[in-house]
Amino acid sequence: MSEKYPEITFTLDNLVPGSDGVTVPGVLTVRDRSRPIAFPANVALAGDGGMVLDATVQVDRSDFGMTANKIGMLSMQNTITVHAVFTKN
């Protein structure tokens with residue numbers, strides 16, 4: 001399937017500040033299926049004036065049409081780890 005759908009994309013709507021970091025709302029696209037998601041993230045300032053965003057996101061594979069599980073060993077709930085570094089130009 002990776003040949004037919006080589007990319008997973010996330011489009012960020014904005015960052016919503018909170019008491020423990022930020023909420024990150026946006027749209028996740030997998031296998032040409034787009035779903036809105038929002039997840040909490042920790043934010044830290046980088047030494048160059050940029051920012052680092054870290055999060056763990058739970059995703060249900062069936063939301064994106066991935067239901068094949070021939071021997072019953074694949075979980076439908078998967079974890080995506082996000083570590084994004086934004087630099088200042």
Side-chain angles (χ1 to χ4, degrees):
M1 276 295 162
S2 63
E3 297 84 29
K4 187 173 180 180
Y5 303 104
E7 294 182 358
I8 295 173
T9 61
F10 177 75
T11 303
L12 174 71
D13 289 338
N14 59 13
L15 295 177
V16 181
S19 60
D20 292 335
V22 296
T23 298
V24 183
V27 177
L28 180 64
T29 302
V30 180
R31 296 184 70 211
D32 291 337
R33 294 184 187 204
S34 298
R35 301 286 184 265
I37 65 167
F39 53 89
N42 295 317
V43 177
L45 294 178
D48 62 356
M51 141 176 114
V52 178
L53 185 139
D54 287 298
T56 303
V57 184
Q58 296 296 316
V59 176
D60 186 335
R61 293 175 348 107
S62 66
D63 288 345
F64 301 95
M66 295 185 289
T67 57
N69 193 2
K70 293 182 182 181
I71 58 175
M73 294 184 67
L74 296 174
S75 171
M76 294 313 280
Q77 297 296 320
N78 294 155
T79 302
I80 298 173
T81 302
V82 178
H83 177 78
V85 178
F86 301 92
T87 58
K88 188 176 180 180
N89 288 332

How far does CZ of Arg31 sit from CG of Asp63, to the nearest 0.5 angstrom? 12.5 Å

Testing the basics here: between Val52 and Ala46, what is the closest heavy-atom pair and its distance to 0.1 Å? CG2-CB, 4.3 Å

Pick out which of Val24, Asp54, Leu53 makes a side-chain contact (heavy atoms from CB on, under 4.5 Å) with Val82. Leu53

How far apart are the closest heavy atoms of Ala38 and Thr23, and which atoms are they? CB-CG2, 4.2 Å

Got more than 12 heavy atoms from elsewhere within 6.0 Å of CG, Asn14? yes

Using every non-hydrogen atom in the two residues, find where Thr29 and Ser34 come nearest and quote the distance to one decimal. OG1-OG, 2.7 Å

Calculate, to the nearest 0.5 Å, the distance between atoms OG1 and CD belonging to Thr79 and Gln58 respectively. 3.5 Å

Atom CG in Leu28, atom OG1 in Thr9: separation rounded to 0.5 Å? 7.0 Å

OG1 on Thr56 to CG on Asn42, rounded to 0.5 Å: 8.5 Å

So if you build clusters from Ile, Leu, Val, Met, Phe, Trp, Tyr with side-chain heavy-atom gaps below 4.5 Å, do Leu15 and Val27 land together? no

Distance col, row Ile37:CD1 vs Ile80:CD1, nearest 0.5 angstrom, shows 6.5 Å

Are Leu12 and Ile8 joined in one hydrophobic group, where the rule is that I, L, V, M, F, W and Y side chains link up if heavy atoms are under 4.5 Å apart? yes

